[in-house]
2 protein chains.
Amino acid sequence: MCSLCAGPHGPPGRVPHYERVEKVRLLVVDDDPPIADLVATVARYEGWDAVTANTGEEAVALAGEFRPDIVVLDLMLPDVDGFGVLDRLRRSGTMVPVVFLTARDGVADRVAGLTRGGDDYLIKPFAVEELMARLRTVLRRSAGPAFQRSVLRVADLTMDEDTREVRRGDRLLTLTPTEYEVLRFLMRKSPTVMTKAQILDHVWEYGFGGRSNVVELVVSRLRRKLDDTGAPLIHTVRGFGYVVRQAAE
Amino acid sequence: MCSLCAGPHGPPGRVPHYERVEKVRLLVVDDDPPIADLVATVARYEGWDAVTANTGEEAVALAGEFRPDIVVLDLMLPDVDGFGVLDRLRRSGTMVPVVFLTARDGVADRVAGLTRGGDDYLIKPFAVEELMARLRTVLRRSAGPAFQRSVLRVADLTMDEDTREVRRGDRLLTLTPTEYEVLRFLMRKSPTVMTKAQILDHVWEYGFGGRSNVVELVVSRLRRKLDDTGAPLIHTVRGFGYVVRQAAE
DNA sequence: TGGGAGCTGTCGAGAAGCTGTCGGACAACT
DNA sequence: AGTTGTCCGACAGCTTCTCGACAGCTCCCA
């Protein structure tokens with residue numbers, strides 16, 4: 001398998017909890033092609049249909065024919081700006097939910113207010129897994145009130161993505177944001193082994209320079225919190241990476 | 001699950017008394033599409049059926065075929081004005097309750113007279129949670145004189161949405177309007193963790209620019225009032241947001 | 001119309017908690 | 001026994017949170 005590939009290498013076949021019969025259709029709008037492609041690639045890996053647009057014009061046109069279920073929209077576009085695109089989407093009657101991307105220094109102020117309809121936003125540079133998590137949440141909520149809580153479970157380890165409660169058996173764990181994200185990633189991919197590079201690429205912001213042993217460190221901290229009771233669930237695959245699963249063999 | 005329920009994620013026990021089987025049908029009439037959509041979207045996230053109209057004509061026509069249970073009506077419309085629409089609705093025999101929207105400087109006085117029938121009104125710009133709260137109240141009242149009180153409860157913290165009484169155990173708390181709204185929002189969403197952006201976006205008026213630590217501040221004030229006795233109920237999820245729930249273990 | 005009371009948001013300092021770097025101990029494979 | 005990879009304690013820098021102080025504002029009442 002490709003060690004450079006950003007994507008997880010589990011066979012696409014792991015059906016997530018928010019399963020639906022049809023593929024989720026995602027439109028990614030960003031004038032920076034690498035970013036747009038990054039998002040689209042990750043989404044496809046989750047089994048979604050994804051298309052990208054690099055301008056506002058293109059976005060509006062594509063939305064019309066592709067009919068996405070959800071949109072990722074950069075607010076800094078060369079032609080029409082993000083808000084313009086949003087207007088035009090809405091005016092054409094689409095109630096499609098949107099997750100916005102914005103630069104930290106940029107329009108962050110004007111963005112306030114966007115979580116209201118159920119839309120959400122993320123500040124660049126973001127972590128891919130965080131974006132995917134938000135997309136899933138927004139999708140789940142837009143599906144109506146009957147949606148299920150999203151709870152990840154591996155053996156006696158559970159993670160409730162709404163309450164952010166993580167439990168090993170009965171014991172409630174207190175995780176820091178980074179620990180939480182790493183664990184969520186590993187649990188989602190379980191029982192597939194993830195390389196350290198993959199973990200780094202998905203959980204840390206793209207562009208993160210850390211050529212270090214951060215991943216090992218966070219895993220180490222996680223272990224202390226969740227593996228000090230009972231059989232270990234985080235396993236090292238020497239020379240390769242980590243995996244969360246019930247002790248095999 | 002209850003179509004009027006605060007949120008999609010109610011664990012058993014949080015289903016309000018004014019439960020009904022069918023989805024609430026809401027008609028939103030506002031000539032400003034973003035506002036109309038905002039309201040419609042929020043309502044849909046609560047599990048309601050919502051449609052929007054941007055003119056008086058459209059509104060009257062839609063009301064006929066959609067048969068809403070409740071109407072949100074902007075009084076400043078380009079063609080027929082809000083009062084005209086109301087007249088025509090009433091004359092066609094509908095007793096559908098209405099919540100009016102009006103500009104601050106506008107016709108507030110004349111509106112006051114209209115709220116006697118159980119209708120209500122709100123001044124623009126409003127906060128979405130406040131609007132939803134009023135809609136729920138009006139609906140409950142229109143369900144008949146024997147309507148049940150709506151009381152939110154988390155552990156020994158109770159909030160009576162009719163009397164606005166908030167109690168921690170026996171102790172009656174005196175909350176300011178903002179504190180009340182923030183607490184209501186958190187209680188409604190409990191035990192889901194809300195980000196500060198979500199709180200800001202739902203509880204403050206749309207268009208509020210406050211890029212500050214208002215939310216933190218209000219939470220801090222709330223804590224002093226309700227968490228100084230007994231176990232804390234408002235919890236900080238560092239790097240993420242706040243949640244109201246009984247301390248888990 | 002003026003005065004007072006209470007509410008709200010800004011500022012900022014201090015506290016608390018999180019994160020990544022370094023480096024040495026340790027373990028696993030050859 | 002050497003080599004490579006992993007684990008994790010300690011620490012410093014940084015981010016985030018908390019909350020006192022204060023000033024503008026609104027609302028109410030005389």
Side-chain angles (χ1 to χ4, degrees), chain A residues 3 104-105 108-109 112 123 125-127 130 164 166 173-183 186 193-197 199-201 203-205 207-228 232-243 249, chain B residues 104-105 108-109 112 123 125-127 130 164 166 173-183 186 193-197 199-201 203-205 207-228 232-243:
Chain A
S3 62
R104 182 175 301 282
D105 49 349
D109 304 357
I123 290 174
F126 53 86
E130 168 128 39
R164 292 181 73 97
V166 179
L173 309 182
T174 315
L175 303 185
T176 69
T178 312
E179 288 161 6
Y180 181 88
E181 292 294 333
V182 170
L183 183 59
L186 288 176
V193 182
M194 291 290 119
T195 68
K196 279 182 272 191
I199 299 173
L200 202 58
D201 288 347
V203 173
W204 271 262
E205 302 168 348
F208 175 70
R211 307 241 153 285
S212 61
N213 58 351
V214 244
V215 177
E216 294 170 11
L217 183 57
V218 174
V219 167
S220 149
R221 285 172 177 158
L222 271 172
R223 275 186 170 135
R224 198 178 332 166
K225 289 183 178 177
L226 65 93
D227 276 353
D228 64 347
L233 290 178
I234 305 183
H235 307 280
T236 304
V237 179
R238 195 182 162 78
F240 198 80
Y242 298 97
V243 60
E249 79 237 68
Chain B
R104 181 171 305 279
D105 50 349
D109 303 355
I123 289 174
F126 52 86
E130 168 127 41
R164 294 181 73 96
V166 180
L173 308 181
T174 315
L175 303 185
T176 69
T178 311
E179 288 162 3
Y180 180 87
E181 291 295 332
V182 170
L183 183 60
L186 288 176
V193 182
M194 291 291 124
T195 67
K196 278 180 279 188
I199 300 173
L200 198 62
D201 289 347
V203 173
W204 271 261
E205 303 166 349
F208 176 72
R211 272 262 135 271
S212 60
N213 58 352
V214 242
V215 176
E216 294 163 357
L217 183 57
V218 173
V219 167
S220 154
R221 285 171 178 158
L222 270 172
R223 275 186 172 135
R224 200 175 333 165
K225 290 183 180 177
L226 65 93
D227 276 352
D228 64 346
L233 290 178
I234 306 183
H235 307 278
T236 304
V237 180
R238 193 163 237 271
F240 198 85
Y242 296 98
V243 61

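So that the names make sense, note that chain A is the first sequence line, chain B the second, and so on, each numbered from 1.
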Any donor-acceptor N/O pair under 3.5 Å between D:dG9 base and A:Arg221 side chain =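 When only heavy-atom distances are counted, A:Arg221 does not reach the base of D:dG9 through any donor-acceptor pair under 3.5 Å.
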- Could a donor-acceptor pair under 3.5 angstrom be found where the side chain of A:Asn213 meets the base of C:dG23?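 Donor-acceptor pair under 3.5 Å: yes.
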Measure from the side chain of B:Thr178, starting at C-beta and using heavy atoms only, and say which of D:dT6, C:dG20, C:dT8 lies closest.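 Closest nucleotide among those given: C:dT8.
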Counting heavy atoms from C-beta on, name the nucleotide in D:dT6, C:dC7, D:dC8 closest to the side chain of B:Pro177.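 Nearest listed nucleotide: C:dC7.
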[X] [atom1] - [N] [atom2] separation (whole Å):
X	N	atom1	atom2	value
A:Ile234	D:dT6	CD1	P	15 Å
B:Ile199	C:dT8	CD1	P	16 Å
A:Leu222	C:dG20	CG	P	13 Å
A:Leu175	C:dC18	CG	P	10 Å
B:Glu181	C:dC7	CD	P	15 Å
B:Asp228	D:dT18	CG	C1'	16 Å
B:Glu216	C:dA13	CD	C1'	14 Å
B:Leu217	D:dC22	CG	C1'	12 Å

Give the minimum heavy-atom separation between [X] and [Y], together with the two atoms involved.
X	Y	answer
B:Tyr242	B:Leu186	O-CD2, 3.9 Å
B:Arg238	A:Pro177	O-CG, 3.5 Å
A:Gly241	A:Val193	C-CG1, 4.1 Å
B:Val214	B:Phe208	CG2-CE2, 4.1 Å

Anything under 3.5 Å between a protein N or O and an N or O of nucleotides 25-29 of chain C, put it in a table, one pair a line.
none

Using a cut-off of 4.0 Å on non-hydrogen atoms, how would the nucleic acid contact of A:Tyr180 be classed: base, sugar-phosphate, or nothing?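 If one applies the 4.0 Å heavy-atom cut-off, A:Tyr180 turns out to touch nothing in the nucleic acid.
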On DNA chain D, more 5' by nearest nucleotide between B:Gly239 and B:Arg224 is B:Gly239
(Q) Regarding A:Lys225 and A:Glu179, does a basic nitrogen lie under 4.0 Å from an acidic carboxylate oxygen? (A)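 Salt bridge between A:Lys225 and A:Glu179, a charged N being under 4.0 Å from a carboxylate O: yes.
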Side-chain N,O ([X]) to OP1/OP2 ([N]) below 4.0 Å:
X	N	answer
A:Ser220	D:dC7	no
B:Thr176	C:dC7	no
A:Thr236	D:dC7	yes

In this structure, OG1 of A:Thr176 is separated from CG of A:Leu222 (nearest 0.5 Å) by 7.5 Å
Separation between CG (A:Leu173) and CG (A:Leu183), nearest 0.5 Å, reads 8.0 Å
